[in-house]
Amino acid sequence: MFLNKKILITAGPTYEPIDPVRFIGNRSSGKMGYAIAEVLAEKGAEITLISGPVSIKPIHPNISLIKIETAAQMFDECMLKMDIMDIGIYAAAVADYTPKTFSINKIKKDDEQLFIELTKTKDILKTMGEMKKQKQVLVGFALETYNEEKYAQEKLIRKNLDFIVLNSLKDTGAGFATDTNKITIIDKYNNITKFELKEKRKVAEDIIAYLTKFLDV
Ligand code: CTP
């Protein structure tokens, strides 16, 4: 079913530079996106993995890795590649804001307080949703701490997704920097499916099993 399918996956955090030695980042490990990439590659898919800085490496030869650092770089790579993709799975924890200016020199601690002005980054997944072709399948992620299902459902609609994978930080063992995850899948037909806490590889298998419902065969 996934043989020769072209699949773009985003994973990991983005790093938004402040000066030559500092950045704004987040705790994403990339494990969820990489696990999805491995399982799909084993099923014969051709994977383009666009990843922020993480400590893990892809294993399967069907995965071609594009490493980026910033949200803007991830946006550019997705724009270049998404057109020819059958499926897009957007698991990256993209920074929502980036420093307005970059200091070429290392910032000295001269002042008692330091203010860094931030501007919004482009929403990659929303842009992909606007460009989505009829046969493309688009999957997003949502990490929430309250009103989880409501916010996830809003993102699903706003970003024109087929389904969204929700992680709640209220669940122990779910979300960033863990080897396990506990997800709820909400799809565009308003189906809500809750899964047990599992190893990320097993979670990847559940997400991929769900994906098969949306493929033209
Ligand atoms: N996403 C993206 N580009 C961004 C921000 C988010 O592609 N600039 C994608 C993520 O990869 C994820 C989904 O959008 O698949 C939801 O990300 P999330 O950070 O939960 O939602 P936001 O839209 O940023 O909303 P908020 O931060 O207000 O909850």
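Atoms considered below: every heavy atom in the structure, side chains included; atoms not considered: hydrogens, waters and symmetry mates. Numbers here are sequence positions counted from 1. Counting starts at 1 for both ligands and their atoms, in listed order.
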Worksheet item: Can a donor-acceptor pair be found between the side chains of Tyr34 and Ser29 at a distance below 3.5 Å?
Response: no
Worksheet, complete the sentence: Between the OG1 atom in Thr121 and the CZ atom in Phe75, the distance rounded to the nearest 0.5 Å is 10.0 Å
May I have a table of the N/O to N/O pairs between ligand 1 and the protein that fall below 3.5 Å, each row giving the two atom names and the distance to 0.1 Å?
from: ligand 1; atom 1: 3 (N); to: Ile124; atom 2: N; distance (Å): 3.0
from: ligand 1; atom 1: 7 (O); to: Leu125; atom 2: N; distance (Å): 2.9
from: ligand 1; atom 1: 8 (N); to: Lys122; atom 2: O; distance (Å): 3.0
from: ligand 1; atom 1: 11 (O); to: Tyr90; atom 2: O; distance (Å): 3.3
from: ligand 1; atom 1: 11 (O); to: Ala92; atom 2: O; distance (Å): 2.7
from: ligand 1; atom 1: 14 (O); to: Lys159; atom 2: NZ; distance (Å): 2.9
from: ligand 1; atom 1: 15 (O); to: Tyr90; atom 2: O; distance (Å): 2.6
from: ligand 1; atom 1: 15 (O); to: Phe141; atom 2: N; distance (Å): 2.9
from: ligand 1; atom 1: 15 (O); to: Phe141; atom 2: O; distance (Å): 3.3
from: ligand 1; atom 1: 20 (O); to: Lys155; atom 2: NZ; distance (Å): 2.7
from: ligand 1; atom 1: 21 (O); to: Lys155; atom 2: NZ; distance (Å): 3.0
from: ligand 1; atom 1: 23 (O); to: Lys159; atom 2: NZ; distance (Å): 2.6
from: ligand 1; atom 1: 24 (O); to: Asp96; atom 2: OD1; distance (Å): 3.0
from: ligand 1; atom 1: 24 (O); to: Asp96; atom 2: OD2; distance (Å): 3.3
from: ligand 1; atom 1: 27 (O); to: Asp96; atom 2: OD2; distance (Å): 2.9
from: ligand 1; atom 1: 29 (O); to: Lys155; atom 2: NZ; distance (Å): 2.9

Item to complete: Mind checking side-chain hydrogen bond (donor to acceptor under 3.5 Å, both in side chains) for Thr48 and listing every partner two or more places apart, or none if nothing turns up?
Response: none
Practice prompt. Indicate yes or no: does Glu42 engage Arg201 in a salt bridge with an N to O separation below 4.0 Å.
Written response: yes
Worksheet entry | For Asp123, salt bridge (charged side-chain N to carboxylate O under 4.0 Å, His left out) partners two or more places apart | Lys159
Worksheet item: Can you name the side chain to side chain contact (heavy atoms under 4.5 Å, CB included) partners of Lys188, sequence neighbours left out?
Response: Asp162, Phe214
